[in-house]
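Worksheet: one structure, shown below.
Every value quoted in this text rests on a predicted model; they were computed, and no experiment measured them. Below, read A as the first sequence line, B as the second, and so on, with proteins coming before strands; counting in each chain starts at 1.
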There are 2 protein chains.
Amino acid sequence: MQNIRKISDSTIRRLSLYYRALSNSEKDGYFTVSSQDLAKKERLTPAQVRKDLSFFGSFGTRGLGYPVKELKEKIGSILGLNRSWNVALIGVGNLGSALASYKEFQKQGFHIKLLFDNDPKKIGSSIDGIPILDIKQIGTQLKQNKIDLVIMTLPGHTAQGVAEEVVRAGVKAILNFAPVSLKVPEDVFLRNENMAIELEYLSFCLKNRNNPGKHA
Amino acid sequence: MQNIRKISDSTIRRLSLYYRALSNSEKDGYFTVSSQDLAKKERLTPAQVRKDLSFFGSFGTRGLGYPVKELKEKIGSILGLNRSWNVALIGVGNLGSALASYKEFQKQGFHIKLLFDNDPKKIGSSIDGIPILDIKQIGTQLKQNKIDLVIMTLPGHTAQGVAEEVVRAGVKAILNFAPVSLKVPEDVFLRNENMAIELEYLSFCLKNRNNPGKHA
DNA sequence: TATATATTGTGAAAAATATCACATATGCAA
DNA sequence: TTGCATATGTGATATTTTTCACAATATATA
């Protein structure tokens, strides 16, 4: 157990993997799971799993493993999934609407309360009961609805300007899907979801599949 | 310059970032860019940028920087974006349709040729001219259309079975959006796109924002 | 031509991350 | 109760990744 600030990005990201694996194990009716099991599911090593967990406490029983339900809840609480977050989504295009109606987020406590767009045809309508508001109202609406986190699914060239409005409204966490890197103040947490990266990674792998040698 | 097999995941992923940043710089009319510029755009260090690039050659000019267009093309060629890949997408739900009509992939050489679903209402129709086929035809269609890469956007419980069919059809690269970890043979490249991870990461950050101390 | 300034490319050093290996603790069977 | 099998938790070690620091090389200017 150590200072929480010193826990690495990678460990936190793996906690998400463990959480998902445990949810599945729970559904499948398992009561305990070993570091070995978890490792195999997520293509990691057992030592890695144990080390990651040990940063936050000791949740297992020697000789037995980890209690599935309990560990899942513990990790959920570490990640802050045991509470609810107010989320707004900006940019109701194809991807935006898809995310707005994605039920998994809801289940994990991410409640999408507001949608924003600049298209008059969309403004005033709703998706799964979530109203689509005028993007001009971002400032007041984000504050009024105590939004904790904003998901941005809008075109690259508009993203930076909107991000600045979001920051001005006091939001401290942004998940960005727009294909640009945003500049935000230090106290705002920003993560970029770049779907091209994984695709390009696969392209790289395919290209170099039969090439164990040097690269020009 | 070193053996290409030894280049780290992180470096490859950063190449994607550089590629995107360079595309933007090119659009903005820049002819050269320094490692410092690139670093600032992507929140990295200049040394990191130079080191990453140095694994593949030396593309810059001392005292000047890197030629934007040339470096972009060079990185594109390293990532395999200078050629075209045949892509199929399985699972035409909300996310699937959003990705099917996402033009950026097309631009980078990822040509979505086929869509698959098991819903009779969808089979036979098309999205942006891409036909939606019966998921039962995966085996023959993937081979016939020489599909290089498959994007899976289907429910978790069906994913593993479908992945196995995809592998049997000889596809060597899978981008998985289903919320499970798939088991595939060693010679198949698999990447998981897990949108919950980034959201959960932000949740963790928000939760521990004012907590520099120990964690229970 | 000489001098000042900018910026790369890269070994070496530092820092971060992952793995090892084993003492420790548990369950079960005889 | 003893012995065996299993599996955690964690310091120590190994590996990987990042950063440093500087020689090398370019441009600009006088």
Within a 6.0 Å radius of atom CD on Glu104(B), are there more than 12 heavy atoms belonging to other residues, nucleotides or ligands? yes
Ranking Ser34(B) and Ser10(A) by the position along DNA chain C of their nearest nucleotide, the one closer to 5' is Ser34(B)
Measuring to OP1 and OP2 of dA26(D), would you say a side-chain N or O of Tyr66(B) lies under 4.0 angstrom away? no
When rounded to whole Å, the CZ to P distance for the pair Phe59(B) and dA26(D) reads 17 Å
Of the options dT19(C), dG9(C), dT17(C), whose atoms approach the side-chain atoms of Gln48(A) most closely? dT19(C)
Distance check needed: dA21(C) C1' versus Lys51(A) NZ, whole Å only. 12 Å
Set out, in order, the CA-CA distance, both residues' side-chain angles and the distance that settles side-chain hydrogen bond (donor to acceptor under 3.5 Å, both in side chains) for Ser101(A) and Asp128(A), then state yes or no. CA-CA 7 Å; Ser101(A) 50; Asp128(A) 287 2; 4.6 Å; no
Any base atoms under 4.0 Å from Ser35(A), or only sugar-phosphate, or nothing? Heavy atoms, all strands. sugar-phosphate
Can you tell me how far P of dG9(C) sits from CG of Leu38(B), to the nearest Å? 12 Å
Got a second to check how far Arg13(A)'s CZ is from Leu79(A)'s CG, nearest 0.5 Å? 12.0 Å
Side-chain donor/acceptor of Arg62(B) to base of dT8(C), under 3.5 Å: yes
How many Å lie between CG on Asp9(A) and P on dT18(D), as a whole number? 11 Å
In whole angstrom, what separates Arg50(A)'s CZ from dT8(D)'s P? 6 Å
